[in-house]
Protein chains: 2
Amino acid sequence: MAQLRPGPNLSRIATSLGVSVATVSNALSGKGRVSEQLVGKIREHAAELGYVPSQAGRALRTGRSGVLGLVLPDIANPLFPKIAQAIEFAAASAGYGVLIADSRGDVSAQTEAINRLVERGVDGMVIVPRRATRISAASCPVAVIDTASTPGNTVAADHWQGGQLIAAHLADLGHKRILIIGNNPESNVQNDRVGGIRSGLCPGMSAETLWIEKLEHQAGSGCPLGLARKVEEGFSAFAALSDLQALRVLTELQRDGIDVPAEASVTGFDDLIWSAVVTPALTTVKMDMDAIAEIAVSALLNSINTGRTREGTLVTAENDRVPMQLIIRQSSGPAKPVQENLQMENS
Amino acid sequence: MAQLRPGPNLSRIATSLGVSVATVSNALSGKGRVSEQLVGKIREHAAELGYVPSQAGRALRTGRSGVLGLVLPDIANPLFPKIAQAIEFAAASAGYGVLIADSRGDVSAQTEAINRLVERGVDGMVIVPRRATRISAASCPVAVIDTASTPGNTVAADHWQGGQLIAAHLADLGHKRILIIGNNPESNVQNDRVGGIRSGLCPGMSAETLWIEKLEHQAGSGCPLGLARKVEEGFSAFAALSDLQALRVLTELQRDGIDVPAEASVTGFDDLIWSAVVTPALTTVKMDMDAIAEIAVSALLNSINTGRTREGTLVTAENDRVPMQLIIRQSSGPAKPVQENLQMENS
DNA sequence: TACGCCTGATTAAACGATTAATCAAACGCA
DNA sequence: TGCGTTTGATTAATCGTTTAATCAGGCGTA
C-alpha cells in the first residue's frame, strides 16, 4: 500500500549533492543563508530531477494549504464559467489552487459546502451567495462577491452604475417608457440594477417593473410574458436585468412579429456567452470579472498573510465596486416617434 | 507566524481522554483493535470537540490528497456549470474534493494546467479535452470525457445515438431536407453527432452540413448564416449541433420573419440553461451528466485504489457511452406539406 | 593573540495523521 | 500450574517540508 512518491524529495536531492535537506530547502526558497554557487547548483539539480515540492508536507508544516475555496450556491448559474475562470486565474497567478463547492441550490447545503471546504483545509474562500443568504462564519477568511448593498460584501460589479448606463443609453435613443424585467425582487443584485436604471432616467421617462417569478407563480413556468401588449401600451424599451431574461424577452417579441430594434429595444446584463451570437445581437452591460476576481483574491490573500486567519472574518477591499461597461449591439435602437406611441396608448 | 490550528488534533483528544493517539486514530477510523466502549467514548468526545482531521497530515502519511482535478480547457464553455456540478457532486459523495483548472482556451496552457494540478498532488483527474487534443500523460490516473470515437476516452454521452434521436424525431415530423449546423468539423463530439443524425435518416430524407467557423472565416464573426434562403431552397429542419448554435439559428430565422416551428423546425443539443426559456422553447437532446460524472469518478477512484497510480494511465470504464435523452419542446413541429417544398425548390 | 562577528552550512524539532511492531493482561485448555 | 492465544492498548517510525537553534571557520580589529 505504501506507494512511494514518484518524484524526488528534498532529501533525495540533498544526499545526491552531499548537502543537508535544510540547505536544499533554503536554496530553493531563497530564505536562509546559502552561497550563490550552491544555490545555483541545487536549483539546477532540482530542476533536472524534476522536483516538485509536496504540498502535503509543506501544508502540514506551515499550516497553509495553498488552496482557496469557491462556493457557488446558485444552481447552474450561467455566470459560473466566467466567475470560476476569473477566480481560478487570479488564484493561480498567486500560486493558489481553487477547490469548488456547489450546493446545487439547496439552501442548507450552502453551509454544508462551506464545511466541506473548511475540512479540506482551504486558507480562505470566495463565496457568491445565494440571494439574501447570510454567510455563517467559517473558520477562515471569506470574501463575498454579491453587490455593494449586501452587508459584508467584499467586492462586486457596480450594478447600480450598470443600471445607470442602461438608462442613459435608452435615454439617448429617445425611449420614454421602459419596462424593466427581472426575475425576483429578493435579489440584491437585481434590486441594485433596478435602482440604477430608475435613478438614471431623464425627465419625461418612466419605468415599470415586471417580475417573472411572480408572474410564473400564477401562470406557470415558461409562460408568455405578454410583451406584445406592453408594446401596444407604449413601452418601447425592455430592460432585462440579466441576459437570460433578455433572451426570453427577445425571442418572445420576435415570435410575436415585433421587430427588434425597429419597434422595440431590448437590453440585458452580464454579456453571457450567447449574447453576441443571437440575432439581433444583444446590447448589454458587462462586468469586469477579472478585476473583481483579482480584488477578491488579493483581499483574501492579504487577510491570510497578515495572520488574522483565526476568526471567520469577512474580508474587505478598498475598492469594493467595479464599474460595468456598456456594450452596444443591435438589439437596441432609436425609439419610434413619440406620437405613434401615444396613439397606440390611447387606442 | 506559527499560528496554531484552531481545531483539536488527535493528540489533544488522546491526552484529554488519557489514551494514546494511535488508539484515537484507530477508534475514529475503525481500523485497529479498540474496545466497543472506548470507541464510543472517543467518537463522542471527538464530536463534541468538533474534531476535523487534518487533510495535510493524512495526505502526507498516506500519500493521497483526497482531491481530484478537473481540467476544462474550452474557454467559457456553457456546459461548464453542468459538468462541474456533476463532477463535484460525484466526487463529494465519495469524499473527494475537486480542484479546477481552466486553461483559458490556450492550447499549451492545457498541459500547464495539468501540471498545476499534479503539483497540488491530486490523486487523479477528469479532463474534458479541447478538440482533438492529445492528453500528455500526467503522473496520475486520468479520466477523459469527450466522445466514444476519441481514442482513450473514458466515458461520454453517446453523441452518435443522440444524433439518431434527432433524426428519428425529425423523420416522425415528416421532414425531408435537413440542414445540420455545426461549429467546427475538427470536433469529435460534433462529428459523432453529425454521423448519428445521418445514420438515422429514413429513406427519402437528405441532409447537408453547414460549418459556422468556415463561414465566419470568410464573412466575419457573427455574420448571418443565410438561413432564410435555405428555407426557400426547401430545408424545413435545422439541426444544430449545440444549443448555442440552435439559438443563433432560431433568432436569425425569427428575425427574418420565418415562423418556428410552423415554417421551419429547429433542434439543438445539450439542453443548456436557456433552452427552456426562449420562445419557442428549444427541442434538444440532453446528456445525462450525473451518470457520466459518476462513471468517470468511480473509474478514477477504482484506478486510484487498486494502486496502479504510478503511471499516468488513462482509465477505462465498462460503460463508456451514456444514452442521451430527447426533449421535445416547441421549436420542432410537423414539416410543411411536401409539394410546397418541392415547389419552392424548383422555383 | 584573542575576542567578536559575519558567513555558510548543519542539526533537530516540529506539523498531524497512519500503521507496523510491540507489549501487557486475560483467558482457554491441557 | 503453565503455555499459547486472543484482546486491547501503546510505542515508535514515517511521510516531506520548514525553521529556529547551533556550529565551524574565516576575517577584521582591539
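In the text below, chain A, chain B and the rest are named by the order of the sequence lines, each starting its count at 1. Side chains are part of it too, since the values below use all heavy atoms of this structure and drop only hydrogens, waters and symmetry mates.
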message = Listing request: all salt bridge (charged side-chain N to carboxylate O under 4.0 Å, His left out) pairs with a residue in residues 287-296 of chain B, at least two apart in sequence or in separate chains.
response =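 Counting only pairs at least two positions apart or across chains, the salt bridge (charged side-chain N to carboxylate O under 4.0 Å, His left out) contacts touching residues 287-296 of chain B are Arg104(A)-Asp290(B).
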
request  = Decide side chain to side chain contact (heavy atoms under 4.5 Å, CB included) for Val128(A) and Asn77(A); before the verdict, give the C-alpha distance in whole Å, the side-chain angles of both, and the deciding distance to 0.1 Å.
outcome  = CA-CA 11 Å; Val128(A) 184; Asn77(A) 188 323; 5.7 Å; no

request  = Name all residues meeting the side chain to side chain contact (heavy atoms under 4.5 Å, CB included) criterion together with Pro73(B); count only those two or more places apart in sequence or in a different chain, and write none if there are none.
outcome  =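 In terms of side chain to side chain contact (heavy atoms under 4.5 Å, CB included), with neighbours along the sequence ignored, Pro73(B) is linked to Val71(B), Ser103(B), Gln110(B), Arg130(B).
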
query = When the nearest nucleotide of DNA chain C is assigned to Ala22(B) and to Gly57(B) on a heavy-atom basis, which residue is associated with the more 5' position?
reply =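 In this pair, the answer is Gly57(B).
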
request  = Spell out protein contact along nucleotides 4-9 of chain D as letters: B when the base is contacted, S when just the sugar-phosphate is, - when no protein heavy atom is under 4.0 Å; keep the 5' to 3' order.
outcome  = ---BBB

Just to confirm, is there a sub-4.0 Å distance from OP1 or OP2 of [N] to any side-chain nitrogen or oxygen of [X]?
X: Ser54(B); N: dA17(C); result: no
X: Ser11(A); N: dG16(D); result: no
X: Arg58(A); N: dT18(D); result: yes

Could you give the [atom1]-to-[atom2] distance, from [X] to [N], as a whole number of Å?
X: Lys41(A); N: dA9(C); atom1: NZ; atom2: C1'; result: 13 Å
X: Leu10(A); N: dT19(D); atom1: CG; atom2: C1'; result: 13 Å
X: Gln55(A); N: dC15(D); atom1: CD; atom2: C1'; result: 15 Å
X: Lys31(A); N: dT10(C); atom1: NZ; atom2: P; result: 19 Å
X: Arg12(A); N: dT17(D); atom1: CZ; atom2: P; result: 10 Å
X: Glu119(B); N: dG16(D); atom1: CD; atom2: C1'; result: 16 Å
X: Leu28(A); N: dT19(D); atom1: CG; atom2: P; result: 13 Å

Side chain to side chain contact (heavy atoms under 4.5 Å, CB included) evaluation trace for Val297(A) with Tyr96(A) = CA-CA 10 Å; Val297(A) 168; Tyr96(A) 276 73; over 6 Å; no

request  = Kindly indicate whether the side chain of Arg61(B) and the base of dT14(D) share any N or O donor-acceptor pair separated by less than 3.5 Å?
outcome  =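 Donor-acceptor pair under 3.5 Å: yes.
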
inquiry  = From the set dT17(D), dT10(D), dG16(C), return the single nucleotide nearest to any side-chain atom of Asn9(A).
reply    =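 Of the options given, the side chain of Asn9(A) lies nearest dT17(D).
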
ask   = If you check every side-chain atom of Tyr51(B), which of dT19(D), dA17(C), dT10(D) has the closest atom?
value =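 Between dT19(D), dA17(C), dT10(D), the one nearest the side chain of Tyr51(B) would be dA17(C).
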
task = Give a yes or no on whether the backbone of Gly121(A) and the side-chain of Ser65(A) come within a donor-acceptor separation of less than 3.5 Å.
result =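 Between the backbone of Gly121(A) and the side chain of Ser65(A) there is a qualifying donor-acceptor contact (under 3.5 Å).
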
query = Between Asn153(A) (side chain) and Asp146(A) (backbone), is there a donor-acceptor pair under 3.5 Å?
reply =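 Checking the backbone N and O of Asp146(A) against the side chain of Asn153(A), a donor-acceptor pair under 3.5 Å is found.
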
Return a table of donor-acceptor pairs under 3.5 angstrom between the side chains of residues 84-94 of chain B and protein atoms on other chains or two or more places apart.
{"from": "Gln85(B)", "atom 1": "NE2", "to": "Asp102(A)", "atom 2": "OD1", "distance (Å)": "3.0"}
{"from": "Glu88(B)", "atom 1": "OE2", "to": "Arg116(A)", "atom 2": "NH2", "distance (Å)": "2.9"}
{"from": "Ser93(B)", "atom 1": "OG", "to": "Phe89(B)", "atom 2": "O", "distance (Å)": "2.7"}

Validation: residues 36-53 of chain B side-chain donor-acceptor distances under 3.5 Å, sequence neighbours left out:
{"from": "Arg43(B)", "atom 1": "NE", "to": "Ala27(B)", "atom 2": "O", "distance (Å)": "3.4"}
{"from": "Arg43(B)", "atom 1": "NH2", "to": "Ala27(B)", "atom 2": "O", "distance (Å)": "3.0"}
{"from": "His45(B)", "atom 1": "NE2", "to": "Ser16(B)", "atom 2": "OG", "distance (Å)": "3.3"}

task = Compute the angle between the rotation axes at the two ends of the helix from dT1(C)-dA30(D) to dA30(C)-dT1(D), each taken over five pairs, rounded to 10 degrees.
result =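 The angle, to the nearest 10 degrees, is 60°.
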
message = Rounded at 0.5 Å granularity, tell me how far CG in Asp320(A) sits from CD in Glu318(A).
response =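 If we round to the nearest 0.5 Å, Asp320(A):CG and Glu318(A):CD are 10.5 Å apart.
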
